[in-house]
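Structure record follows, encoded as C-alpha cells.
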Amino acid sequence: MLGGGFSPETVQRGLELGADVITVDGGSTDSGPHYLGTGTAKTTAAAVAGDLRILLRAAAQAQIPLIIGSCGTSGTDSGVDWIAALTRDILTQENLTLQVATIYSEQHPADLVTALEDGRIQPLAPSAPLEAATLRSCEHVVAMMGHEPIADALLAGADVILAGRATDTALAAAYPLMMGYPAGACWHAAKIVECGGMCTTDPRAGGVFATIDADGFTLEPLDPASACTPQSVAAHMLYETVNPHQMREPAGTIIVTDATYTALDERRVRVEHSRFEPAEQYTNKLEGSAIAGYETMSFVGIRDPHILASIDEWAALFNTVVHDRVQHVLGLTPADYAMDLRLYGHNAILGAADPHRGHPHEVGVMLLTRASEQATATAIAKVANPLLLHLPLPGATHLPSFAFATSPAETERGAAYEFVLNHVVAVGSPTELFRTVLDRPAIAMAHA
C-alpha cells in the first residue's frame, strides 16, 4: 500500500527485470468507515511522499506508466487531489516531465437516488434493499471502478494515473488487458499481486514481479531473499474472498477452479488455466459512510483478582447499574444512546465464542458511549466514571480500585461513522460513473 514503505532496491530490481508498468494500491476499507466519512487519509503525507518519490523516479527512468488506485485511503475526490498535489510537487522537485491523469470516483447522492428509483441499485448479501434516505445520509459515496477508466487514461497518454476508488485487481489488470492478453490470466495475476509480498514466503519483503503471456503468468518476488511457492501463491485466493475458487469484478468473475500452480525453481511459480467469465450486466460497487453518532471513550485497567475471577458477572452488573444511573441522572433510555463495554485480555475479540475459560490476570476495560450529540456521549461516560473506578461485586466487603489509563478519563472521539452501503449499481458503460482529467497539457475527458 502506498505509504506503507518499501525498499528502493526492490523497485529497481523490477525495472531490471523489464517491467512494463508499476502498480500500487493507495487505500482500503480495512481500517473502517472513518476515512471515507471524513474524506481523509490513514497514511501520513511524509510516508506517502517518500514512496511516491521512489515510484515516480522509477517510472520516469524506465519510461513506463505508474498506476495508483484508491488514492487517499478511500478514493474520495479529496484523496485523489491530495495525492495529485504531492505528485506534482515531487515532479517539480525532481525536474520530471510526466503526464498525470486523475480519475474521480465520488458520486452525488442525488444521482444515485435517481438510479435507485430506476431499479438499478441492488443489495449484496446480507444487506437489505437500499432506501433513498440512506443515500442522503452519506457524508461521502464512492463507486469502485474496474480497469476500463484506467485503460482509457493509458490510451490517452497518461504516464501517471491517480485513481479514486478502484478494485485492487483493476490496477494491475488494466495494462495487460489493454495490450490484449487473456482476461483469465490478467485478472488472476492481478488478484495474486494485489498485496505485493503477501503472496511470498516473506510478506514484509516488498513487491512482486508478474509476467503475463498467452497461456498464463509467472510470479517472482522482487526481494532476492524471498520466494514464491505454489502454496504461497494459491493461498492468496483465500484472502478477502467469499469463495477461494472465484471472485467477482465489475466486468465479471475470476474462475480459478482448474488453475495449476507449478514451481519453476526455488523462487518462481507458474500459473495456468485461469479463466474469466463476463457478467451479463456490468455493475460497480458503491461504498458510503454516514455519521452514526458521536463517541466518547474511557479505558481502565483491572488487576484485582477477586473481580477478575468473576469478570463476566462484573461486566453485567456494570451495564445494569450504568443504564439505571443514566436514566435517573440524565433522563435517557437505552434507545437514546449506545454503550459498548469491551474486556481486553478476556473476550474483547471473540466475545462468547472465545474458547478460553480460565481467569485472566489483568483486563483492560474499554467503554465506548455513543449518542446523537458529543456532550451527551461524554455525560454518559462521566456517569459511568465512578463505576469504572470502584464498582464492587455483590457481597464484596471492600471497595476495589482500578486504574484509568488517562486523565481526564474521558476522551471525546468526535463523529463515529459506519458503512451504510453494500450495494451495486447497474451501468450502461464501465466508465459512466467516473471523471478523468489529463494534465500536462490539461485535457478534460468526460464519459456519458
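From a predicted model like this one, the values you see are computed outputs, not experimental measurements.
- The side-chain contact (heavy atoms from CB on, under 4.5 Å) search around Pro109 returns none, not counting sequence neighbours.
- In this structure, Asn284 contributes its side chain and Val425 its backbone to no donor-acceptor pair below 3.5 Å.
- For Thr169, the side chain to side chain donor-acceptor pair (under 3.5 Å) partners two or more places apart in sequence, or in a different chain, are Thr167, Glu249.
- Pairs engaging residues 130-156 under the ring pair (Phe, Tyr, Trp, His ring centres under 6.0 Å) rule: His147-Trp187 [sequence neighbours left out].
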Val141 and Glu106: CA distance, side-chain angles, deciding distance, side-chain contact (heavy atoms from CB on, under 4.5 Å) verdict
CA-CA 6 Å; Val141 180; Glu106 194 157 348; 5.8 Å; no
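- For the atom pair CD of Glu131 and CD1 of Ile121, the computed distance is 12.5 Å after rounding to the nearest 0.5 Å.
- Between Ile67 and Ile150 there is a side-chain heavy-atom pair separated by less than 4.5 Å.
- Within the 4.5 Å cutoff, side-chain heavy atoms of Phe6 are placed close to those of Asp51.
- Side-chain atoms of Leu421 and Leu130, non-hydrogen and from C-beta on, do get closer than 4.5 Å to each other.
- Pairs passing the salt bridge (charged side-chain N to carboxylate O under 4.0 Å, His left out) check and including a residue from residues 58-79, sequence neighbours excluded, read Asp77-Arg435.
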When you look at Phe209 and Leu219, which way does the side-chain contact (heavy atoms from CB on, under 4.5 Å) test go after all the steps?
CA-CA 6 Å; Phe209 187 83; Leu219 295 177; over 6 Å; no
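- Between the Ser7 side chain and the Glu9 main chain, a donor and an acceptor come within less than 3.5 Å of each other.
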Could you go through Ile83 and Thr87, starting from their C-alpha distance and side-chain angles, then the distance that decides it, and tell me whether this counts as side-chain contact (heavy atoms from CB on, under 4.5 Å)?
CA-CA 6 Å; Ile83 299 296; Thr87 297; 4.0 Å; yes
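- Remark: Phe419 pairs with no residue by the ring-ring contact (aromatic ring centres under 6.0 Å, His included) rule, at least two apart or across chains.
- Formation of a donor-acceptor pair under 3.5 Å by the Glu432 side chain with backbone atoms of Gly428 is found in this model.
- Asp159 places none of its side-chain heavy atoms less than 4.5 Å from the side chain of Val100.
- Looking at residues two or more places apart in sequence or on another chain, you find a side-chain contact (heavy atoms from CB on, under 4.5 Å) between Pro65 and Val21, Leu154, Tyr175.
- Between the CG atom in Leu116 and the CZ atom in Arg120 there is a gap of 10.0 Å [rounded to 0.5 Å].
- Pairs engaging residues 182-196 under the salt bridge (charged side-chain N to carboxylate O under 4.0 Å, His left out) rule: Lys191-Glu194 [sequence neighbours left out].
- Sorted by first and then second residue, the salt bridge (charged side-chain N to carboxylate O under 4.0 Å, His left out) pairs involving residues 196-214 (not counting sequence neighbours) are Asp202-Arg204, Asp213-Arg270.
- For Phe318, the ring-ring contact (aromatic ring centres under 6.0 Å, His included) partners two or more places apart in sequence, or in a different chain, are Trp314.
- Thr229 and Ser232 are linked by a side-chain donor-acceptor pair at a separation below 3.5 angstrom, with hydrogens and angles left out of the test.
- Distance alone, capped at 3.5 Å, is enough to place a donor-acceptor pair between the Arg267 side chain and the Ser226 backbone.
- The side chain to side chain donor-acceptor pair (under 3.5 Å) search around Tyr282 returns Glu148, not counting sequence neighbours.
- Atom OH of Tyr294 and atom CD of Glu412 lie 12.0 Å apart (nearest 0.5 Å).
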Please test Glu410 against Thr378 for side-chain hydrogen bond (donor to acceptor under 3.5 Å, both in side chains), starting from the C-alpha separation and ending with a verdict.
CA-CA 7 Å; Glu410 297 78 31; Thr378 300; over 6 Å; no
Hey, mind stepping through Arg413 and Gln374 against side-chain hydrogen bond (donor to acceptor under 3.5 Å, both in side chains) and telling me if it holds?
CA-CA 9 Å; Arg413 298 190 63 249; Gln374 186 72 69; over 6 Å; no
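- Using a 4.5 Å cut-off on side-chain heavy atoms (C-beta onward), Cys71 and Trp82 make no contact.
- In terms of the side-chain contact (heavy atoms from CB on, under 4.5 Å) criterion, residue partners of His34 (sequence neighbours excluded) are, by chain and number, Thr38, Thr40, Tyr417.
- For the pair Val420 and Cys138, the minimum side-chain heavy-atom distance is below 4.5 Å.
- Using a 3.5 Å distance cut-off with no hydrogens or angles, the side chains of Thr218 and Thr211 do not pair a donor with an acceptor.
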Please test Arg342 against Asp340 for salt bridge (Lys or Arg N to Asp or Glu O under 4.0 Å), starting from the C-alpha separation and ending with a verdict.
CA-CA 6 Å; Arg342 304 179 188 178; Asp340 186 9; 2.7 Å; yes
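- A salt bridge links Glu220 and Arg13; the closest N-O separation between the charged side-chain nitrogens and carboxylate oxygens is under 4.0 Å.
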Derivation of the side-chain hydrogen bond (donor to acceptor under 3.5 Å, both in side chains) call for Asp312 and His346:
CA-CA 9 Å; Asp312 290 316; His346 179 47; 3.0 Å; yes
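- For residues 273-294, the set of pairs meeting the salt bridge (charged side-chain N to carboxylate O under 4.0 Å, His left out) definition, not counting sequence neighbours, comprises Arg165-Glu287, Arg275-Glu277, Lys285-Glu287.
- Separating the CG atom in Leu367 from the CD1 atom in Ile380 is a distance of 9.5 Å, to the nearest 0.5 Å.
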side-chain contact (heavy atoms from CB on, under 4.5 Å), that's the test. Do Leu388 and Phe404 meet it? Break it down for me.
CA-CA 8 Å; Leu388 278 177; Phe404 277 118; 3.8 Å; yes
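- In this structure, Ser70 OG and Asp168 CG are separated by 6.0 Å, a value rounded to the nearest 0.5 Å.
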